[in-house]
Visitor: 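Please find one structure pasted underneath; my questions will follow.
Everything numeric here is computed off the predicted structure, so don't read it as measured data.
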Amino acid sequence: MKLTDISRQVATAFAAVGVSGLVLVGCNNSSAPEANKEPVTEGATETTTTETVATSDIDPEHSKIVIGTTEGDFADMVRNQVKGSLEAQGYEVELVTFTDYVRPNIALSDGDLDINIFQHKPYLDTFKKENNLDLVEVFQVPTAPLGIYTGKKTKLDDVYKGMSVSAPNDPSNFARALVMMNELGWITLKDNIDPLTASKSDIADNSKYDIKIVELEAAQLPRARDEVDFAIINGNYATDAGIKLTEALFQEPSFAYVNWSAIKTADKDKKWVKDVTNAYNSEAFKKYAHDSFPGYKYPKIWGADTAATPATASTTATAPVAEAAAQ
């Protein structure tokens with residue numbers, strides 16, 4: 001299956017009505033540890049920027065905001081910029097971090113969180129449909145793209161027959177991993193498949209390298225790099241493990257997976273939601289994001305270049321990246 005065909009199908013799928021049914025959810029959190037709640041700062045915290053000053057201009061019915069994220073870059077965005085900005089406005093802010101992709105939406109629906117930030121729209125749409133949750137996306141956030149990183153092998157030219165490649169085991173991100181391997185020519189996917197729901201059954205040919213695909217929970221992928229030849233790692237878990245995005249051998253070219261915040265639908269017109277949205281779209285946050293997260297894809301509303309830093313892949317891998325980015 002050609003790269004250009006997959007790129008067009010991704011764009012078509014996201015433009016179609018009813019995208020919520022496109023991606024199957026199959027995460028297992030039975031062994032996941034408890035969420036980590038970070039203490040609320042005593043009193044309003046001054047920000048390090050001159051853009052925001054304490055005004056106590058807050059939602060009178062909602063003075064404390066509980067934000068849930070996965071550990072890593074999304075949590076750092078709250079700790080290092082957003083929390084201080086909202087506290088200077090007069091809010092109390094509590095950060096709760098998770099190590100899986102299931103509990104943040106359940107906690108949001110149950111009222112343990114006010115807003116969560118960790119997921120792309122296909123995952124949110126499917127999860128809320130599968131679990132009958134009344135959630136809605138609000139704004140996009142800078143997102144680290146999925147990438148292929150070194151394991152036992154240090155460059156893409158080291159591919160060999162029988163090699164092992166680890167990949168995230170949740171269906172939506174596993175589909176992304178398969179599309180990446182198809183783009184590299186490691187496998188061939190069937191014609192006319194839906195790239196958002198690709199699974200092992202959609203592999204038409206794996207005979208070129210006879211790849212052993214090792215499926216792991218996303219948080220485990222960085223720690224297991226020494227056990228596989230190559231590792232396909234979610235960007236936030238890569239950065240949390242100290243892996244630079246610029247170290248990726250190859251990055252996914254698709255812009256379909258820039259992550260979103262989510263809230264309960266009933267809260268969508270609340271003042272505190274608008275205040276959080278403004279904090280994430282402020283000039284101070286934009287500067288922080290560009291300075292702190294090179295190689296990320298940025299929210300479309302920013303009107304900036306949302307392309308990730310070109311992957312440091314071999315010349316055979318770089319060409320498809322440029323081709324897809326132009327789609």
Visitor: Taking only residues two or more places apart in sequence, or in another chain, which ones meet K212 in a salt bridge (charged side-chain N to carboxylate O under 4.0 Å, His left out)?
Guide: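 So K212 forms no salt bridge (charged side-chain N to carboxylate O under 4.0 Å, His left out) with any residue.
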Visitor: With sequence neighbours excluded, give me every salt bridge (charged side-chain N to carboxylate O under 4.0 Å, His left out) pair touching residues 255-264.
Guide: none
Visitor: Would you indicate whether the side-chain heavy atoms of K268 and E137 approach each other to under 4.5 Å?
Guide: no
Visitor: Keeping the roles fixed (side chain from R225, backbone from T150), state whether a donor-acceptor pair exists under 3.5 Å.
Guide: yes
Visitor: From D191 CG over to T188 OG1, what is the distance, rounded to the nearest 0.5 angstrom?
Guide: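 These two atoms lie 9.5 Å from each other.
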Visitor: Is the shortest side-chain heavy-atom distance between V78 and L95 below 4.5 Å?
Guide: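 Yes - at least one pair of side-chain heavy atoms lies under 4.5 Å apart.
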Visitor: Before accepting this row, confirm whether a basic side-chain N of the pair K83/E38 lies closer than 4.0 Å to the acidic partner's carboxylate O.
Guide: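 Salt bridge absent between K83 and E38.
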Visitor: Using a strict threshold of under 4.0 Å (side-chain N to carboxylate O), is an ion pair present between K271 and D275?
Guide: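 Salt bridge between D275 and K271, a charged N being under 4.0 Å from a carboxylate O: yes.
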Visitor: Between atom NE2 of H120 and atom CD of Q140, what is the distance when rounded to the nearest 0.5 Å?
Guide: 12.5 Å
Visitor: Tell me whether T69 contacts the main-chain N or O of T97 through its side chain, where contact means a donor paired with an acceptor under 3.5 Å.
Guide: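 Flag not set: sc T69 to bb T97 has no pair under 3.5 Å.
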Visitor: Between the side chains of N236 and E71, does any donor sit under 3.5 Å from an acceptor?
Guide: no
Visitor: Backbone N or O of D59 within a donor-acceptor pair of the Y91 side chain at under 3.5 Å?
Guide: yes
Visitor: Please determine whether residues V258 and V138 belong to a single hydrophobic cluster, defined as Ile, Leu, Val, Met, Phe, Trp and Tyr linked transitively by side-chain heavy-atom distances below 4.5 Å.
Guide: no
Visitor: Are the side chain of T265 and the backbone N or O of D134 linked by a donor-acceptor pair below 3.5 Å?
Guide: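 The answer is yes, because a donor-acceptor pair under 3.5 Å joins these two groups.
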Visitor: Provide the full list of salt bridge (charged side-chain N to carboxylate O under 4.0 Å, His left out) pairs with a residue in residues 232-244, sequence neighbours left out, each pair given once.
Guide: none
Visitor: The criterion is ring-ring contact (aromatic ring centres under 6.0 Å, His included); which residues satisfy it with F139, sequence neighbours excluded?
Guide: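 Listed in chain order: Y280.
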Visitor: Counting only N and O atoms by type, is there a donor-acceptor contact under 3.5 Å from the side chain of T277 to the main-chain atoms of V273?
Guide: yes
Visitor: Hey, are the side chains of I67 and I117 touching, using non-hydrogen atoms and a 4.5 Å cut-off?
Guide: yes
Visitor: Quick one, I187 with I211, criterion side-chain contact (heavy atoms from CB on, under 4.5 Å). Give me CA distance, side-chain angles, the key distance, then yes/no.
Guide: CA-CA 8 Å; I187 63 173; I211 299 172; 4.0 Å; yes
Visitor: Give the intermediate values and the outcome of side-chain contact (heavy atoms from CB on, under 4.5 Å) for residues D229 and V165.
Guide: CA-CA 6 Å; D229 294 302; V165 178; 5.8 Å; no
Visitor: If I take atom OG from residue S109 and atom CG from residue N132, how far apart are they, to the nearest 0.5 angstrom?
Guide: 8.5 Å
Visitor: Mind checking what makes salt bridge (charged side-chain N to carboxylate O under 4.0 Å, His left out) contact with K270, not counting sequence neighbours?
Guide: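 Salt bridge (charged side-chain N to carboxylate O under 4.0 Å, His left out) check on K270 returns D267.
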Visitor: Does any donor atom in the side chain of N281 or W302 lie under 3.5 Å from an acceptor atom in the other side chain?
Guide: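 Judged by distance alone, the side chains do pair up.
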Visitor: Between the main-chain N or O of G235 and the side-chain N or O of T239, is there a donor-acceptor pair closer than 3.5 Å?
Guide: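 Here the side-chain-to-backbone pair exists.
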Visitor: Might you point out which heavy atoms bring D226 and K152 nearest each other, and give the distance in Å?
Guide: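 Distance-wise, the nearest heavy atoms are O-CE, 3.3 Å.
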Visitor: Could you grab the distance from atom CD of Q89 to atom OG of S85, nearest 0.5 Å is fine?
Guide: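 Rounded to the nearest 0.5 Å, the CD-OG separation comes out at 7.0 Å.
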Visitor: Do K153 and M163 make a side-chain contact, defined as non-hydrogen atoms from C-beta onward lying under 4.5 Å apart?
Guide: no
Visitor: Hey, is the main chain of F127 close enough, under 3.5 Å, to the side chain of N131 for a donor-acceptor pair?
Guide: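 Side chain of N131 to backbone of F127: a pair is present.
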Visitor: Measure the CD1-NZ distance between I203 and K190 for me, rounded to the nearest 0.5 Å.
Guide: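 The NZ atom of K190 is 9.5 Å from CD1 of I203, to the nearest 0.5 Å.
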Visitor: For L113 and P104, which heavy atoms make the closest approach, and how far apart are they?
Guide: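 Minimum heavy-atom separation between L113 and P104: CD1-O, 3.5 Å.
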Visitor: As an exercise, state the distance from OG of S172 to CG of D125, rounded to the nearest 0.5 Å.
Guide: 11.0 Å
Visitor: The test is side-chain contact (heavy atoms from CB on, under 4.5 Å); show your working for M77 and Y288 and say whether it passes.
Guide: CA-CA 9 Å; M77 291 175 198; Y288 161 76; 4.2 Å; yes
Visitor: Does the separation of the ring centres of Y123 and Y257 fall below 6.0 angstrom?
Guide: no
Visitor: When the aromatic ring centroids of F250 and W186 are compared, is their separation below 6.0 Å?
Guide: no
Visitor: Can you check side-chain contact (heavy atoms from CB on, under 4.5 Å) on F293 and T143, steps first, answer last?
Guide: CA-CA 9 Å; F293 304 111; T143 306; over 6 Å; no
Visitor: Going by heavy atoms in the side chains, are P168 and L216 under 4.5 Å from each other?
Guide: no
Visitor: For E87 and E92, indicate whether the former's side chain and the latter's backbone hold a donor-acceptor pair under 3.5 Å.
Guide: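 It does not hold such a pair.
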Visitor: Just wondering, do F118 and Y101 contact through their side chains at under 4.5 Å, heavy atoms?
Guide: yes
Visitor: Do you reckon W260 sits in the same ILVMFWY cluster as I115, going by side-chain contacts under 4.5 Å, direct or chained?
Guide: no
Visitor: Set out, in order, the CA-CA distance, both residues' side-chain angles and the distance that settles salt bridge (charged side-chain N to carboxylate O under 4.0 Å, His left out) for E217 and R223, then state yes or no.
Guide: CA-CA 11 Å; E217 289 189 9; R223 297 192 297 269; over 6 Å; no
Visitor: Can you list the residues that meet the salt bridge (charged side-chain N to carboxylate O under 4.0 Å, His left out) rule with D291, with sequence neighbours excluded?
Guide: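 D291 satisfies salt bridge (charged side-chain N to carboxylate O under 4.0 Å, His left out) with K287 once adjacent residues are dropped.
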Visitor: Is the gap between the ring centers of H290 and Y296 under 6.0 Å?
Guide: no
Visitor: Looking at F285 and P142, what are the two nearest heavy atoms and their distance?
Guide: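 Shortest heavy-atom contact: CE2-CD, 3.9 Å.
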Visitor: Quick check: does any side chain N or O of K297 sit under 3.5 Å from a backbone N or O of N259, one acting as donor and the other as acceptor?
Guide: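 A pair under 3.5 Å: no.
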Visitor: With no hydrogens and no angle check, just 3.5 Å: does a side-chain donor-acceptor pair link N173 and D170?
Guide: yes
Visitor: Please identify which of these residues, I213, I148, V228, I232, meets the side-chain contact (heavy atoms from CB on, under 4.5 Å) condition with S166.
Guide: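 That would be V228.
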Visitor: Determine yes or no for a side-chain-to-main-chain donor-acceptor pair under 3.5 angstrom, with K128 supplying the side chain and L135 the backbone.
Guide: yes
Visitor: Could you pull out the closest heavy-atom pair between D210 and K161, with the gap in Å?
Guide: CB-CG, 4.0 Å
Visitor: Out of curiosity, does F74 fall in the hydrophobic cluster containing I243 (side-chain heavy atoms, cut-off under 4.5 Å, transitive links)?
Guide: yes
Visitor: Identify the two heavy atoms, one from A289 and one from Y298, that lie closest to each other, and give their separation to 0.1 Å.
Guide: O-OH, 3.9 Å
Visitor: Answer yes if the side chains of N105 and N116 hold a donor-acceptor pair under 3.5 Å, and no otherwise.
Guide: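 The answer is yes; a qualifying pair exists.
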Visitor: Shortest non-hydrogen contact from K64 to D114?
Guide: O-OD2, 3.4 Å
Visitor: Is D205 salt-bridged to K208, cutoff N-O under 4.0 Å?
Guide: no
